[in-house]
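Heads up: the structure comes next, in structure tokens.
Every chain is numbered from 1, with letters handed out A, B, ... down the list of sequences. In what follows, every heavy atom counts, from backbone to side chain, and hydrogens, waters and symmetry copies are set aside.
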2 protein chains.
Amino acid sequence: MARRSDHSREELQTLILDTAWTLVGQGGTETLSARKLASKIGYAAGTIYNHFDSMDDLILRVNGRTLDELFAVLNSPACNDPAHSPVQNMKKMAALYMEFAKTRAPYWLMLFNTALPPERTEITWYQEKIDLLFAPLETQLTSFFTAGQEKRKKMAARILWSSIHGLCFLEETDKLPLVSGKIGALDMANYLIESFVSGVVIVNKLKSGG
Amino acid sequence: MARRSDHSREELQTLILDTAWTLVGQGGTETLSARKLASKIGYAAGTIYNHFDSMDDLILRVNGRTLDELFAVLNSPACNDPAHSPVQNMKKMAALYMEFAKTRAPYWLMLFNTALPPERTEITWYQEKIDLLFAPLETQLTSFFTAGQEKRKKMAARILWSSIHGLCFLEETDKLPLVSGKIGALDMANYLIESFVSGVVIVNKLKSGG
DNA sequence: AAAAGGAATTGAACGTTGTTTAAAACTTGG
DNA sequence: CCAAGTTTTAAACAACGTTCAATTCCTTTT
């Protein structure tokens, strides 16, 4: 029996989360089970329920960590470089996002390809983390909108982000048939960004002009 | 014991698939289990494995049926109306797609929010069904491309479809923060289609002109 | 008609999962 | 040092996918 004094309540909580993180990283969602996790840290399965509501709850915490990492990537200087054009920065964002999905596949898949009961994801801290993801892209879009078009800018950021995610998702789950040869999701994302931004400028002029 | 002569091999196979379809429709992926399904048709659980490789295999068949229905929607006259502009038709497609995702949520979620082993989805008949989904959109995009831009047109169709799917997906799984008020995924899809198509026309001119 | 052969069906079993709970082990305060 | 309060545990429950030997059934042959 593990001694209660081995870890404080907080220590144990993060130990569980860290171990869950490791397990997911090694073999995806399927590798994460209460018993495996518990045995890995020398506790019984029941102990986990002393620190987390359920396995879904634990998965949500792991997802939260993934969202943090994702934000760090999208908010990094590499894709928010003032020396580069907004379009260049956004293309870089798309590239980094897709790289993240590939290299950190288990976490990314758990985040987007694992069904959780809706009531789980409606927690505010989780929604806030998601909300944050759109900020860097919104920043890059600023120059294409006037001060009065705040709402449209927010829309555009969400659209573009969702679209890039859609491309990435369908590619990673083998649901995006290739056009030919080497044309992959990243090329499509670049094409999308170019076209969408060009189009936004036009449409904005039309709406404000007419 | 169910008599072998109750149903022919083929009959039983479609009976299983039909029942699986019903179960998924009633309560989503979680409601579909070998034992529940079997008891519903008066057979033992093992019988299912006489007709399907595994439960994943059965899920894939259900998904196949969903893809068929989805194609029927996107290929319907309502969004391929010659009297309407391509942009109008594409907006209608987006609307119908999102309606499908909502009204047939269990099937749509099983298709896109349930992780299957990659080797399962690499089957050709499944990939072909997916490939078909892009055709109607491609048709609507024809007028914006010249004869020599076939590849770009294919790309554009995949991009636009993926993007609309991305919007729909993030909305349905509570991962698309609303901008404000009533602005939902459909408004964003419309904005996307307008802007992207406008942008495509410009970018195409640039590429061919320069 | 009976027996034989082949195929479909079955129940039971295995190992796994998430989760609950009473009892045991532990830590702490008086 | 004992009592009170927590934490941990083992065991149990119900469900899951899947396998397999045994049974049952149907068809064919004799």
Rounded to whole Å, please give me the gap between [atom1] in [X] and [atom2] in [N].
X	N	atom1	atom2	result
A:Asp56	C:dG18	CG	P	10 Å
A:Asp57	C:dT20	CG	P	12 Å
A:Leu23	C:dG18	CG	P	11 Å
B:Leu58	D:dG17	CG	C1'	12 Å
A:Leu32	C:dT19	CG	P	11 Å
A:Tyr43	D:dT8	OH	P	5 Å
B:Asn50	D:dT24	CG	C1'	14 Å
A:Phe52	D:dT7	CZ	C1'	16 Å

Counting side-chain heavy atoms from CB outward, which of [options] is closest to [X]?
X	options	answer
B:Arg35	C:dC14, D:dA10, C:dT10	C:dC14
A:Ala34	C:dA8, D:dT9, C:dT19	C:dT19
B:Ser33	D:dT18, D:dC16, D:dT7	D:dC16
A:Tyr49	C:dA8, D:dG17, C:dG18	C:dG18

[N], OP1 or OP2 - any side-chain N/O from [X] closer than 4.0 Å?
X	N	result
B:His51	C:dT9	yes
B:Thr47	C:dA8	no
B:Ser54	D:dG17	no
B:Arg9	C:dA8	yes
A:Lys36	C:dT16	no

Counting only N and O atoms by type, is there a donor-acceptor contact under 3.5 Å from the side chain of [X] to the main-chain atoms of [Y]?
X	Y	answer
A:Glu194	A:Val87	no
A:Tyr107	A:Phe100	no
A:Glu171	A:Leu176	no
A:Asn204	A:Arg152	no
B:Gln127	A:Asp174	yes

Contact class for B:Leu37 (heavy atom, under 4.0 Å): base, sugar-phosphate, or nothing?
-> nothing
Please work out if A:Ile59 contacts a base, only the sugar-phosphate, or nothing of the nucleic acid, heavy-atom cut-off 4.0 Å.
-> nothing
For A:Leu37 against A:Leu32, the heavy-atom pair lying closest together | CD1-CD1, 3.8 Å
Any Lys/Arg nitrogen of B:Arg158 or B:Asp131 sitting under 4.0 Å from an Asp/Glu carboxylate oxygen of the other?
-> yes
Just report the end-to-end axis angle for the helix from C:dA1-D:dT30 to C:dG30-D:dC1, five pairs per end, to 10 degrees.
-> 30°
Do the rings of A:Phe112 and A:Trp161 sit parallel, tilted or perpendicular, given the 30° and 60° boundaries?
-> tilted
Between B:Gly46 and B:Thr31, who's closer to the 5' end of DNA chain D by nearest nucleotide?
-> B:Thr31
Of B:Leu12 and A:Glu30, the one whose closest nucleotide on DNA chain C sits nearer the 5' end is B:Leu12
